[in-house]
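First up is the structure itself, then whatever we jot down about it.
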Amino acid sequence: MTWSGGSFGSRAVCVLADNASPMTLDGTNTWVLREPGGSRSVVVDPGPSSPAHLEAVRAAAEDVAVVLLTHHHLDHSEAAREFAESVGCGVRALDPAYRLGSEGLGAGDVVAVDGLEVHVVATPGHTADSLSFVLPAERAVLTGDTVLGRGTTVVAHPDGKLGAYLDSLQRLHALAEAREAVEIWPGHGPVIADALAVLDFYLAHRRERLDQVRAALEELRAEPHPEGVAADDLPRLVVERVYADVDPVLWGAAELSVRAQLDYLRPTP
């Protein structure tokens, strides 16, 4: 399936950045949001510092009221300050380090521009500062990297926390069940028309992976290890069992996910 961005609903244009990779899929989706008849836009995740990409975003957005960030990873945030300064607006983000101007961003905030409303939902887990943005008028949610248009999200230890991520998926699932978010407009990959079905899959996938990690730990305990298994070696040994069907080029990311899974499964004192 090829993905190139485009217009969605009555209020959104996705400008696809030219930074495709195994981790970014087709590239970063920069979302330009504007109320029909409105004169100003909201830009979500300006993406990488690519002159051609930023010019395409400026052309789509025209007059920009504010830049919003779903999270701090560079493929989403690198050009935020550069872009905002070029159009004369601020950057709002949960992490103060990524803001431009005095306004922050957090759960329950409503960003209103010329009749457009963007409702902020806390969705930590992929990163501690991950946010999602609901457009009630479109019944759509912009998920950044919390839910992708293809495949599943890496929850990378130590910033990524699986417990928080599972809670965030449940929060999004409740919005989808209530029909407040019917579509998902992700940070990478194509738009998802059935939010509820994909969130059901994400939750089931995480439960399955945890079961596989538990089984791998049992196998490792049953095998003879005269010198024991070093704590730093355990995640890679689990990856070799649980992610055997995954391209080894992605094993580094898988190991970070396993570290987050092991942290989640570790008994609390």
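What you see below is based on every heavy atom in this structure, not just the backbone, and it leaves out hydrogens, waters and symmetry mates.
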As a quick check of understanding, evaluate salt bridge (charged side-chain N to carboxylate O under 4.0 Å, His left out) for Arg236 and Asp233, giving each step before the final call. CA-CA 6 Å; Arg236 177 48 64 108; Asp233 294 337; over 6 Å; no
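- Donor-acceptor pairing under 3.5 Å is lacking for the side chains of Glu78 and Ser49.
- Linking ILVMFWY side-chain heavy atoms closer than 4.5 Å, directly or via other members, places Val120 and Leu94 in a single hydrophobic cluster.
- Residue Val91 is not grouped with residue Val44 when hydrophobic side chains (ILVMFWY) are merged at heavy-atom distances under 4.5 angstrom, including chains of intermediate members.
- With Ser21 contributing its side chain and Thr24 its backbone, the two residues share a donor-acceptor pair below 3.5 Å.
- Between the side chains of Thr127 and His73, no donor-acceptor pair is found at a separation under 3.5 Å.
- Side-chain atoms of His188 and Asp26 form no donor-acceptor pair, as typed in the model, at a separation below 3.5 Å.
- Thr70 and Asp45 form a side-chain donor-acceptor contact under 3.5 Å, judged by distance and modelled atom types alone.
- With contacts defined as side-chain heavy-atom distances shorter than 4.5 Å, the pair Leu131/Phe133 qualifies.
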Pair Phe83-Arg58, side chain to side chain contact (heavy atoms under 4.5 Å, CB included): steps then yes or no: CA-CA 8 Å; Phe83 177 81; Arg58 275 189 287 269; 3.4 Å; yes
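- With a 4.5 Å cut-off on side-chain heavy atoms, Leu217 and Leu234 count as touching.
- Annotation: side chain of Val67 is in contact with side chain of Pro46 (closest heavy-atom distance under 4.5 Å).
- No side-chain N or O of Asp129 forms a donor-acceptor pair with one of His71 less than 3.5 Å apart.
- For Thr123 and Arg171, the side-chain atoms include no donor-acceptor pair closer than 3.5 Å.
- Residues Lys161 and Tyr264 have side chains not in contact (no heavy-atom distance under 4.5 Å, counting atoms from C-beta outward).
- A side-chain donor-acceptor contact under 3.5 Å links Asp145 and His126.
- Using modelled atom types, no side-chain atom of Tyr98 and backbone atom of Ala80 make a donor-acceptor pair closer than 3.5 Å.
- Around atom CG of Asp18, no more than 12 heavy atoms belonging to other residues, nucleotides or ligands sit under 6.0 Å away.
- The backbone N or O of Pro124 lies less than 3.5 Å from a partner atom in the side chain of Ser168, making a donor-acceptor pair.
- Salt-bridge check for Arg241 with Glu223: passed, with a basic side-chain N closer than 4.0 Å to an acidic carboxylate O.
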Let me see the working for Arg11 and Glu35 under salt bridge (charged side-chain N to carboxylate O under 4.0 Å, His left out), right down to the final yes or no. CA-CA 6 Å; Arg11 294 168 176 81; Glu35 186 70 11; 2.9 Å; yes
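- The closest side-chain heavy-atom distance from Val118 to Leu33 is below 4.5 Å.
- In this structure, Val182 is not a member of the same hydrophobic cluster as Leu203, with clusters built from ILVMFWY side-chain heavy atoms closer than 4.5 Å.
- When the options Val134, Val147, Asp167 are evaluated for a side chain to side chain contact (heavy atoms under 4.5 Å, CB included) with Leu172, the one that passes is Val147.
- Relative to the six-membered ring of Tyr202, Arg207 misses at least one condition, a distance below 6.0 Å or an angle of at most 45° to the axis.
- Counting only N and O atoms by type, the side chains of Glu117 and His119 include a donor and acceptor under 3.5 Å apart.
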Where do Arg40 and Asp63 land on the salt bridge (charged side-chain N to carboxylate O under 4.0 Å, His left out) test, with the steps shown first? CA-CA 5 Å; Arg40 297 176 298 161; Asp63 188 7; 5.3 Å; no
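- Formation of a donor-acceptor pair under 3.5 Å by the Thr28 side chain with backbone atoms of Asp75 is found in this model.
- When atom types are taken as modelled, the side chain of Trp251 and the backbone of Val246 share a donor-acceptor pair closer than 3.5 angstrom.
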Could you check Arg259 against Glu255 for salt bridge (charged side-chain N to carboxylate O under 4.0 Å, His left out), going step by step and ending with a plain yes or no? CA-CA 6 Å; Arg259 288 180 182 274; Glu255 184 172 335; 3.3 Å; yes
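- Put simply, the side chain of Arg99 gets close to the backbone of Ala93: a donor and an acceptor are under 3.5 Å apart.
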